[in-house]
Amino acid sequence: MSEMGLDLSGKVALVTGGSRGLGMAIATAMAGKGADVAICGRKQENLDQAVKAFGQKGIKVMARVANVGKSSEIADLFQAVEQQFGKLDILVNNVGMNILTPSVSEVDEGLWDKIIESNLKGTYLASSRAVGLMKKAGGGKIINISSIAARKAAMGMGIYCVAKAGVEMLTKVLAVELSQYNINVNAVAPGMVKTKFSQPFWSNEGMLKELTKTIPMGRIAETDDVVGAVLFLASGLSDFVTGEIITVDGGAMA
Ligand SMILES: NC(=O)c1ccc[n+]([C@@H]2O[C@H](COP(=O)([O-])OP(=O)(O)OC[C@H]3O[C@@H](n4cnc5c(N)ncnc54)[C@H](OP(=O)(O)O)[C@@H]3O)[C@@H](O)[C@H]2O)c1
């Protein structure tokens, strides 16, 4: 077993969508373990607020505007990371979004493209860029944030379910392809986590009560419930783990 444990000192981590929610919790935890951290998001004002919030915890992050679905913005982001830190050891493909949709058979093409682009294409684009830097560094860790929606169809979330299923297969494909470069690719699949993304569900008392009945542990996750699995996959403790998806859902899928 690696002697480094969960220590990430000397490592450089990029967390996409790190300006709030789960991404912010992951970035905070990685910085707490000694990593230099970069984050991105679409909106400068969200990044500014995040930088302030990180600063109040004594954490300095590099923050750049980049929409993960746009290859030119991803190229600029990775160039900035390389310029600032000279390398990349850890990529967390955390960005994900959903827009409540009618049946997949009825949605227009634009909506399909938008949801697939943010959740799946973005993961592919960022991973591709990361691989170049990780090869130079002699290895690395890619961690994709999936969802239990990848394995359980849900009304109103059809395209998101398809996209996350794609993220899970992309995880396995890249794991197989990149092992030769000492790059581990794994995913974490949370159930519902209390963030802005899921607020329409957990802020509705009736919905929350019904949902909670399906979770053996009797509650939805806080962001910190998910962070441990990500830290494990980012650290030397998981050096022989690749192509794996860790479900963090309080037993909902068990
Ligand atoms: N919350 C849940 O219940 C839950 C459950 C299972 C899985 N997940 C997954 O967990 C991950 C994090 O979700 P969350 O709940 O923390 O979401 P969130 O609170 O909505 O945060 C999303 C973050 O991503 C950024 N972002 C969104 N689209 C982007 C894009 N195209 N390019 C760059 N940045 C983008 C947002 O900033 P800007 O708005 O400024 O871009 C924000 O920083 C997602 O992959 C989600 O699918 C969440």
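It should be emphasised that the depicted structure is a prediction, and the values quoted were computed from it without experimental measurement. Atoms within each ligand, like the ligands themselves, are counted from 1 in listed order.
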Does [X] have a heavy atom less than 4.0 Å from any atom of ligand 1?
{"X": "Gly69", "result": "no"}
{"X": "Trp202", "result": "no"}
{"X": "Val95", "result": "yes"}
{"X": "Ala66", "result": "yes"}
{"X": "Gly191", "result": "yes"}
{"X": "Gly122", "result": "no"}
{"X": "Arg20", "result": "yes"}
{"X": "Ser146", "result": "yes"}

Heavy atom of protein inside 4.0 Å of atom 13 (O) of ligand 1, strictly below
no

Short side-chain to backbone donor-acceptor contact, [X] and [Y], under 3.5 Å:
{"X": "Thr242", "Y": "Val185", "result": "yes"}
{"X": "Ser9", "Y": "Gly34", "result": "no"}
{"X": "Asp76", "Y": "Glu73", "result": "no"}

Ligand 1 versus [X]: contacting region, heavy-atom distance under 4.0 Å:
{"X": "Lys194", "answer": "neither"}
{"X": "Asn46", "answer": "side chain"}
{"X": "Phe201", "answer": "neither"}

Using heavy-atom distances, let me know which of [options] sits nearest [atom].
{"atom": "atom 16 (O) of ligand 1", "options": "Leu22, Val193, Val226", "result": "Leu22"}
{"atom": "atom 30 (C) of ligand 1", "options": "Gln44, Lys196, Arg42, Met24", "result": "Arg42"}
{"atom": "atom 44 (C) of ligand 1", "options": "Asn94, Val92, Ile145", "result": "Asn94"}

May I ask you to identify the nearest protein heavy atom to [atom], giving residue, atom name and distance to one decimal place in Å?
{"atom": "atom 32 (N) of ligand 1", "value": "Val68 N, 3.0 Å"}
{"atom": "atom 17 (O) of ligand 1", "value": "Phe197 CB, 3.3 Å"}
{"atom": "atom 25 (C) of ligand 1", "value": "Gly17 CA, 3.6 Å"}
{"atom": "atom 37 (O) of ligand 1", "value": "Ser19 OG, 3.3 Å"}
{"atom": "atom 31 (N) of ligand 1", "value": "Asn67 OD1, 3.0 Å"}
{"atom": "atom 8 (N) of ligand 1", "value": "Tyr160 OH, 3.7 Å"}
{"atom": "atom 1 (N) of ligand 1", "value": "Thr195 OG1, 3.0 Å"}

Once side-chain hydrogen bond (donor to acceptor under 3.5 Å, both in side chains) is applied, what residue pairs with a partner in residues 128-155 remain, sequence neighbours excluded?
Glu82-Lys136, Asn93-Asn144, Lys141-Ser238, Lys141-Asp239, Asn144-Thr171, Ser146-Glu168, Arg151-Glu168, Arg151-Thr247

Pair Glu210 + Lys213: basic N to acidic O under 4.0 Å:
yes

Does any non-hydrogen side-chain atom of Val227 lie less than 4.5 Å from one of Asp224?
yes

